[in-house]
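See structure below.
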Amino acid sequence: GAQGLAYRANAAQVDPAKNPSYQPGQTCANCSLYAGNVGQAQGGCALFYGKEVAAAGWCNAWERKAG
């Protein structure tokens, strides 16, 4: 679940030492797995079926959104 993916509701709280793949500026809102609407505080995620994640969040499955 969220623990294994190092999910944080606030990307600013991600520890770069523990999450070397994290780059500043990465958030759920600009991840290709995020299914929320632009401008909303939270939305669905392809990895967390039936749950919403924070737009400002981050996890180690982050993938750059196309475009």
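Residue numbers count from 1 along this sequence. Keep in mind it's a predicted model, so treat the numbers as computed, not measured.
- Considering SG of Cys59 and OH of Tyr22, their distance stands at 12.5 Å, rounded to 0.5 Å.
- No donor-acceptor pair under 3.5 Å is formed between the side chain of Trp58 and the backbone N or O of Ala9.
- Val14 and Trp62 end up in the same hydrophobic cluster when Ile, Leu, Val, Met, Phe, Trp and Tyr side chains are linked at under 4.5 Å.
- Residue Gln26 comes nearest to Ala11 through the heavy atom pair O-CB, 3.6 Å, listed as atom of the first residue, atom of the second, then distance.
- Here the CD atom belonging to Glu63 is positioned 4.5 Å from the CG atom belonging to Leu33, to the nearest 0.5 angstrom.
- How far CZ of Phe48 is from CG of Leu5: 4.5 Å, rounded to the nearest 0.5 Å.
- Rounded to the nearest 0.5 Å, atoms NZ (Lys18) and CG (Asn60) are 13.5 Å apart.
- Not a single donor-acceptor pair under 3.5 Å links the side chain of Asn19 to the backbone N or O of Pro16.
- Atoms SG and CD, on Cys28 and Gln42 in that order, are 10.5 Å from each other to the nearest 0.5 Å.
- Separation of atoms OG1 (Thr27) and CZ (Arg8) is listed at 16.0 Å; rounding is to 0.5 Å.
- Atom NZ of Lys65 sits in a crowded spot, with more than 12 heavy atoms from other residues, nucleotides or ligands closer than 6.0 Å.
- Annotation: side chain of Val53 is in contact with side chain of Tyr34 (closest heavy-atom distance under 4.5 Å).
- With hydrogens and angles disregarded, no donor-acceptor distance shorter than 3.5 Å links the side chain of Asn37 to the backbone of Gly43.
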